[in-house]
Amino acid sequence: MKLTEAFYLRDDVIAISKDLLGKYLFTHIDGLTTGGYIVETEAYNGIIDKASHAYGNRQTPRTKTMYLRGGIAYVYLCYGIHEMFNIVTSVEGRPQAILIRAINPTEGLDVMLSRRNMLAVKPNITMGPGSVAKALGISRNINAFSLQSDTIWIEDRGLVFPDESIAAVPRVGVSYAAKDALLPYRFYVKRNPYVSKPNK
DNA sequence: GTTATGATCTCCT
DNA sequence: GGAGATCATAACG
């Protein structure tokens, strides 16, 4: 059930991003389990990708997590407000990562509602990377945690989307990355209500 | 030490 | 449709 390390250690971050659609992401934090299946991802292709934090082989306290062995979490703060959850892939020394932009929640709905200060389930509960992290209780203190741990992990439950229901489009919020912003590194499940707005 | 800015969300109009 | 929130990070002096 739980995805093994071999899944994350592959070198093709684009293929892994696509493969992650339909996989179930779970967290067990503060004694509470929450999760759902992934419906939107974005690939960040290492040192040659201008949109990546590791562009140009940049090594800093923040990005060092990306250089570790694949199969761990990379969590950072964006805009001073939002925690972002990424999955590190490929082998040690190759800083590739995948941003989880949206999930379709299936477990722990009541917990997610209270974490999001919402009264009823609406698509925006886990739509967009900042919302996903908040609903799942993800914060920077699980940065670099292994996805083989019992705090955060990903399962294959046999859910597969056919190619024609998967869209590949340019990424969101990376206009500073010049022509790399045009690469179709954002993948999502067509017509799923939890997919975030831009380019839908 | 200082400063500019962002892999965004929410609320307001 | 648009602005404000809010701070760690990274680059620079």
Side-chain angles (χ1 to χ4, degrees), chain A residues 8 13-14 16-18 20-21 25 34 36 38-68 70 72-90 94-105 112-144 147 152 167-189 193-200:
Chain A
Y8 306 104
V13 68
I14 311 301
I16 300 174
S17 300
K18 207 170 150 185
L20 280 171
L21 297 176
L25 170 64
T34 49
I38 297 166
V39 296
E40 185 179 358
T41 61
E42 268 181 13
Y44 287 85
N45 190 18
I47 63 175
I48 58 167
D49 182 355
K50 285 197 174 68
S52 167
H53 293 158
Y55 174 63
N57 209 33
R58 187 164 45 201
Q59 306 233 22
T60 67
R62 178 175 69 167
T63 63
K64 75 169 188 283
T65 304
M66 291 182 74
Y67 289 82
L68 301 177
I72 62 171
Y74 170 43
V75 185
Y76 71 94
L77 187 71
C78 188
Y79 295 100
I81 303 177
H82 305 292
E83 316 271 355
M84 301 281 195
F85 168 62
N86 299 250
I87 295 165
V88 177
T89 66
S90 194
R94 288 184 64 80
Q96 304 180 342
I98 299 165
L99 175 67
I100 304 303
R101 293 191 55 86
I103 70 171
N104 188 319
M112 296 195 210
L113 283 173
S114 69
R115 281 178 181 150
R116 298 270 291 125
N117 291 320
M118 292 170 61
L119 295 172
V121 176
K122 290 186 294 190
N124 71 356
I125 188 170
T126 51
M127 176 168 64
S131 304
V132 170
K134 191 168 184 198
L136 294 178
I138 292 170
S139 65
R140 280 163 290 160
N141 55 30
I142 66 160
N143 184 46
L147 299 179
I152 181 163
V169 299
R171 292 171 289 187
V172 177
V174 295
S175 53
Y176 59 86
K179 75 177 199 301
D180 285 348
L182 302 174
L183 296 167
Y185 283 180
R186 173 179 179 233
F187 301 95
Y188 65 87
V189 177
Y194 294 95
V195 172
S196 65
K197 279 203 170 94
N199 304 325
K200 197 165 175 183

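Quick note on labels: first sequence line is chain A, next is B, and so on, each numbered from 1. Only this structure's heavy atoms are used, side chains among them; waters, hydrogens and symmetry mates stay out. In this text the structure is predicted, and so the values were computed from the model without any measurement.
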(message) The criterion is ring pair (Phe, Tyr, Trp, His ring centres under 6.0 Å); which residues satisfy it with Tyr55(A), sequence neighbours excluded?
(response)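 For Tyr55(A) there are no ring pair (Phe, Tyr, Trp, His ring centres under 6.0 Å) partners, ignoring immediate neighbours.
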With sequence neighbours excluded, residues passing side-chain contact (heavy atoms from CB on, under 4.5 Å) with [X]:
X: Ile14(A); value: Asp12(A), Ala43(A), Tyr185(A), Phe187(A)
X: Leu77(A); value: Glu83(A), Arg140(A)
X: Ala54(A); value: Ser52(A), Met66(A), Tyr67(A), Pro95(A)

Side chain to side chain donor-acceptor pair (under 3.5 Å) partners for [X], two or more places apart:
X: Asn124(A); value: none
X: Asn141(A); value: Ser139(A)
X: His82(A); value: none
X: Thr60(A); value: Thr63(A)

(message) Lys18(A): which residues meet the salt bridge (charged side-chain N to carboxylate O under 4.0 Å, His left out) condition with it, sequence neighbours left out?
(response)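 By the salt bridge (charged side-chain N to carboxylate O under 4.0 Å, His left out) rule, Lys18(A) matches Asp163(A).
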(request) For each nucleotide in nucleotides 4-13 of chain B, reading 5' to 3', give B when a protein heavy atom comes within less than 4.0 Å of its base, S when such contact involves only the sugar-phosphate, and - otherwise. (result) --BBBSS---
Could you write out each protein N or O paired with an N or O of nucleotides 11-13 of chain C at a distance under 3.5 Å?
from: dA11(C); atom 1: OP1; to: Arg58(A); atom 2: NH1; distance (Å): 3.4

(message) Taking the side chain as everything from C-beta on, heavy atoms only, tell me whether Lys50(A) gets closer than 4.5 Å to Leu183(A).
(response)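 No. Closest side-chain heavy atoms not under 4.5 Å.
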(request) Just need the stems in DNA chain C: three or more back-to-back Watson-Crick or G-U pairs, each with both distances under 3.5 angstrom, sorted by first number. (result)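 So the stems come out as B:1-6 with C:7-12, B:8-12 with C:1-5.
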